[in-house]
Structure formats: structure tokens, C-alpha cells
Enquirer: 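First, the structure itself, so that you have it in front of you.
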Amino acid sequence: MLKYLLLGRTGSGREFFQHLLEKKGLKIAKSYTTREQRDENDTMHHFINDYSSGKYTERLFEAIHNGNRYFYTLNELENADIIPIDPENVKNICEYFPDTAFRFIEIMAANDDRLKHAVADAEDKLLAEEDFITACEKENDAFCAFEDEAMSSRNLLIPNLHIGHAVNNDFTNTSDVYEFVNKLIIDKHTFENMSKIIKLLGNRNIYKYNAETDRYTLYCTENNTDEPSVLCLSLDNITEQVLIDNNGIVHTMMTWLSLEDTVI
């Protein structure tokens, strides 16, 4: 199952993007938090007041923001298509689910737009602006470090995360976030269909599949060498490896199309 990690600085419109995705039927991972619910539209978290009761013994990727605790449960993460996450936990969550293919999305917005959005509905706009600046200062180093690696050098070195998207949000009706929702749905269907094809080829022993380990074998030739490297990958990860390689897509599709009983 392909999962998307969703990032966004304070006031970037990340929660608005989540609402758009939810309307399309995608499952959003909702963290548990000790902060109070702002209003009836604040639905992207599970709000709790019994954190210390011993009920929540399984707390994953716990963080503290503005004195409030946030954490996920395993069930919430396993059943989600979209996982909102802080940049410092991107690598951690990928390592926790090594057989899952991840992509990341970062919602980007201009500083002035983010500030305007953050204080728009506040009764005390001066206090809201001060809170916004404080939040930005706390998260800035983590976001800058992530963006330098992911956007510039493309060198996150995470085996099950190969694709990232920066999506601009200008808070207008023509913002890129609307178009990207549709792209994400298409990409998700593409991934699911390619997984089915690869699984079929594995069942036919056309792709080498080990039922005991539930792994597919992929031979890759590194640049400037003729020596192939052998990768033993989960269905999710071999699907992603095929999709990021045009030659892999062509080979897989031509192999599938050549089957006598291929149904189109």
C-alpha cells in the first residue's frame, strides 16, 4: 500500500489540503493530541483529556508542540493513505515500516500568505501573530534541513522513499493544491494497478518471487558498472522501483501484455 507523508510549515494550509483529500475518500492518519479542539471544523486530530490514564501505552512518533502532546497509534498509521508528519520523523516512519513504499508531499506557501492565513480568524491578531512567529522559529531548522536534503541534493538516502512533491498554495481558488489532489488520486490508482500486474507476474514465476519471505528479486545495474546488484523487495517497494524507471515500466507492461490470457 502506497502511503504519502504530508509536511507543511505553520499556516501553509496543510489541514485544508487534508480536508480536500478526505472528501476524495482518502484515509488521513489523525494524531492523538492533548490540545483543545478549536471549533467544530477542527477534525484532523483525536482530542483526548486522559493522556496520563495509562490507556495510551502504544504512542508512536510522539512530539510536543506549544506544550501539547501529539502521537499516533499503530492502527491509525497502518490504515492511512496520508500521514501528516514533522520533517524530523520522515526517516523514522520509513524505517518503522520498511516494506511500505512512501512518497512525501510538502505544502509550500509564501511567508506573508502564511501569516495572513494564520491570524485571519483570531480575535487577538497581535497575539496570534506572536504565536505564529514563535512556531515558525521552532520548526525552521528542521524544515530547512529537510528541504536542503530532499529538494536540493535529493539525497535523503531512505530506501523506501524515492519520490517527493512540493505543492504551492497561494490560498486562491486556482491554487496548485486543487490540481494536485486529482494527480494524487491518479498516481495512487497507477501504483495499485502496477502492484497487481507485478503480483500476477510473480505468481506465474515470470518475476522471481519467494513465497516464504514474501519478497521479489530485482536485478539493478549501477551507473558506470556492469555488475548487477540484487535487491529483495516487498511488493510495495518493487512496484515503486518499477514506476521510477521508464525501462522498468516498459519491460513490465510488455511482459504482461504478452501473456495469452491478459484481459484489457
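The first residue of the sequence shown is numbered 1, and numbering continues consecutively from there. Keep in mind the model is a prediction, meaning the values are calculated, not measured.
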Enquirer: Would you indicate whether the side-chain heavy atoms of Pro84 and Gln18 approach each other to under 4.5 Å?
Expert: yes

Enquirer: Apply the test side-chain contact (heavy atoms from CB on, under 4.5 Å) to residues Lys199 and Tyr209: give CA-CA distance (whole Å), side-chain angles for both, the deciding distance (0.1 Å), then the verdict.
Expert: CA-CA 9 Å; Lys199 188 174 183 179; Tyr209 172 66; over 6 Å; no

Enquirer: Looking at every non-hydrogen atom in both residues, tell me the closest pair between Leu26 and Lys188 and how far apart they are.
Expert: CD2-CD, 3.6 Å

Enquirer: Donor-acceptor pair, Asp81 side chain versus Lys3 backbone, under 3.5 Å?
Expert: no

Enquirer: Hydrophobic clusters here meaning ILVMFWY residues chained together by side-chain heavy-atom distances under 4.5 Å, can you tell me if Phe191 and Ile244 are in one?
Expert: no

Enquirer: Going by heavy atoms in the side chains, are Asn169 and Arg114 under 4.5 Å from each other?
Expert: no

Enquirer: Starting from Leu161, can I reach Leu60 by hopping between I/L/V/M/F/W/Y residues whose side chains sit under 4.5 Å apart?
Expert: yes

Enquirer: Using the ring pair (Phe, Tyr, Trp, His ring centres under 6.0 Å) definition, which of the options Tyr72, Tyr70, Phe71 pairs with Tyr32?
Expert: Phe71

Enquirer: Salt bridge (Lys or Arg N to Asp or Glu O under 4.0 Å), that's the test. Do Glu62 and Arg69 meet it? Break it down for me.
Expert: CA-CA 7 Å; Glu62 188 166 1; Arg69 292 184 178 271; 3.1 Å; yes

Enquirer: Could you report the tightest heavy-atom contact between Ser234 and Tyr216, atom names first, then the distance?
Expert: C-CD1, 4.3 Å

Enquirer: What heavy-atom pair brings His117 and Gly11 nearest, and what distance separates the two atoms?
Expert: CD2-O, 3.3 Å

Enquirer: Testing the basics here: between Leu7 and Phe104, what is the closest heavy-atom pair and its distance to 0.1 Å?
Expert: CD1-CB, 4.1 Å

Enquirer: Working note: Thr190 + Ile186, criterion side-chain contact (heavy atoms from CB on, under 4.5 Å); need CA distance, chi angles, decisive distance, verdict.
Expert: CA-CA 6 Å; Thr190 301; Ile186 293 171; 4.2 Å; yes

Enquirer: Distance alone, cut at 3.5 Å: any donor-acceptor contact between the side chains of Asp86 and His65?
Expert: yes

Enquirer: How many angstroms lie between CG in Asp124 and CG in Leu126, if you round to the nearest 0.5 Å?
Expert: 6.0 Å

Enquirer: Given side chains that start at C-beta, do those of Asp176 and Met108 come closer than 4.5 Å, heavy atoms only?
Expert: no

Enquirer: Starting at CD1 of Ile105, measure out to CD1 of Ile163 and round the result to the nearest 0.5 Å.
Expert: 11.0 Å

Enquirer: Is any side-chain heavy atom of Trp256 closer than 4.5 Å to a side-chain heavy atom of Leu259?
Expert: yes

Enquirer: Salt bridge (Lys or Arg N to Asp or Glu O under 4.0 Å) for Glu22 and Lys30? Distances and angles first, verdict last.
Expert: CA-CA 11 Å; Glu22 203 169 41; Lys30 297 184 179 182; 3.5 Å; yes

Enquirer: Does Ser258 reach the main-chain N or O of Thr255 with its side chain, forming a donor-acceptor pair under 3.5 Å?
Expert: yes

Enquirer: Please determine whether residues Phe180 and Ile185 belong to a single hydrophobic cluster, defined as Ile, Leu, Val, Met, Phe, Trp and Tyr linked transitively by side-chain heavy-atom distances below 4.5 Å.
Expert: yes

Enquirer: What pair of heavy atoms forms the shortest contact from Ile28 to Glu76, and how long is it?
Expert: O-OE2, 3.8 Å

Enquirer: Does Gln241 reach the main-chain N or O of Leu218 with its side chain, forming a donor-acceptor pair under 3.5 Å?
Expert: no

Enquirer: Show the atom names and distances, to 0.1 Å, of all donor-acceptor pairs under 3.5 Å that link a side chain in residues 93-101 to residues at least two apart or in another chain.
Expert:
residue, atom, partner, partner atom, Å
Asp99, OD1, Arg215, NH2, 2.8
Asp99, OD2, Arg215, NH2, 3.2

Enquirer: Heavy atoms only: give me the nearest His45-Asp42 pair and the separation to one decimal.
Expert: CD2-OD1, 4.3 Å

Enquirer: Starting at CD of Glu240, measure out to CG of Leu233 and round the result to the nearest 0.5 Å.
Expert: 11.0 Å

Enquirer: State, yes or no, whether a side-chain contact exists between Cys136 and Asn140 at a heavy-atom distance under 4.5 Å.
Expert: no

Enquirer: Take atom CD of Glu36 as the centre, draw a 6.0 Å sphere, and report whether it contains more than 12 heavy atoms from other residues, nucleotides or ligands.
Expert: no

Enquirer: Once you round to the nearest 0.5 Å, how far does NZ of Lys24 lie from CG of Leu21?
Expert: 10.0 Å

Enquirer: Would you say Asn49 and Thr34 make side-chain contact, with heavy atoms under 4.5 Å?
Expert: no

Enquirer: Could you tell me whether Lys196 and Glu192 have a side-chain N and a carboxylate O separated by less than 4.0 Å?
Expert: no

Enquirer: Ignoring hydrogens and angles, state whether a donor on the side chain of Thr33 or Ser31 is under 3.5 Å from an acceptor on the partner side chain.
Expert: no

Enquirer: So for atom CG, which belongs to Asp261, do other residues, nucleotides or ligands contribute more than 12 heavy atoms lying within a distance under 6.0 Å?
Expert: yes

Enquirer: Can you check whether His162 reaches Arg103 side chain to side chain, under 4.5 Å on heavy atoms?
Expert: no

Enquirer: Within the supplied structure, the quantity of interest is the number of heavy atoms (other residues, nucleotides, ligands) at a distance under 6.0 Å from Glu179 CD; does it exceed 12?
Expert: no

Enquirer: In terms of heavy-atom contacts, does CG of Asp112 have more than 12 from other residues, nucleotides or ligands at under 6.0 Å?
Expert: no

Enquirer: Any carboxylate oxygen within less than 4.0 angstrom of a Lys/Arg side-chain nitrogen, looking at Asp187 and Lys183?
Expert: yes

Enquirer: Rounded to the nearest 0.5 Å, what separation is found between the CG atom of Asn89 and the CD1 atom of Ile83?
Expert: 11.0 Å

Enquirer: Between Ile197, Thr252, Leu200, which is the residue that forms a side chain to side chain contact (heavy atoms under 4.5 Å, CB included) with Tyr207?
Expert: Thr252

Enquirer: Could you walk me through whether His46 and Tyr56 pass side-chain contact (heavy atoms from CB on, under 4.5 Å), step by step?
Expert: CA-CA 12 Å; His46 298 292; Tyr56 307 102; over 6 Å; no

Enquirer: According to a hydrophobic-cluster definition based on side-chain heavy atoms being under 4.5 Å apart (Ile, Leu, Val, Met, Phe, Trp, Tyr only), do Leu231 and Met194 belong together?
Expert: yes

Enquirer: Ignoring hydrogens and geometry beyond distance, is a side-chain donor-acceptor pair present between Asn210 and Asp214 at under 3.5 Å?
Expert: no

Enquirer: Salt-bridge test for Glu78 and Lys27: reply yes if a basic N is under 4.0 Å from a carboxylate O, no otherwise.
Expert: no

Enquirer: Nearest 0.5 Å please: distance from the CG atom of Asp113 over to the OG atom of Ser12.
Expert: 11.0 Å

Enquirer: Transitively linked via ILVMFWY side-chain contacts under 4.5 Å: Phe61 with Phe146?
Expert: yes

Enquirer: For atom NZ of Lys91, decide whether the heavy atoms of other residues, nucleotides or ligands shown that lie under 6.0 angstrom number more than 12.
Expert: no

Enquirer: For Asp170 and Thr172, run side chain to side chain donor-acceptor pair (under 3.5 Å): C-alpha distance rounded to whole Å, both residues' side-chain angles, the deciding distance at 0.1 Å, then the answer.
Expert: CA-CA 6 Å; Asp170 62 4; Thr172 68; 2.7 Å; yes

Enquirer: Is any side-chain heavy atom of Val119 closer than 4.5 Å to one of Asp131?
Expert: no

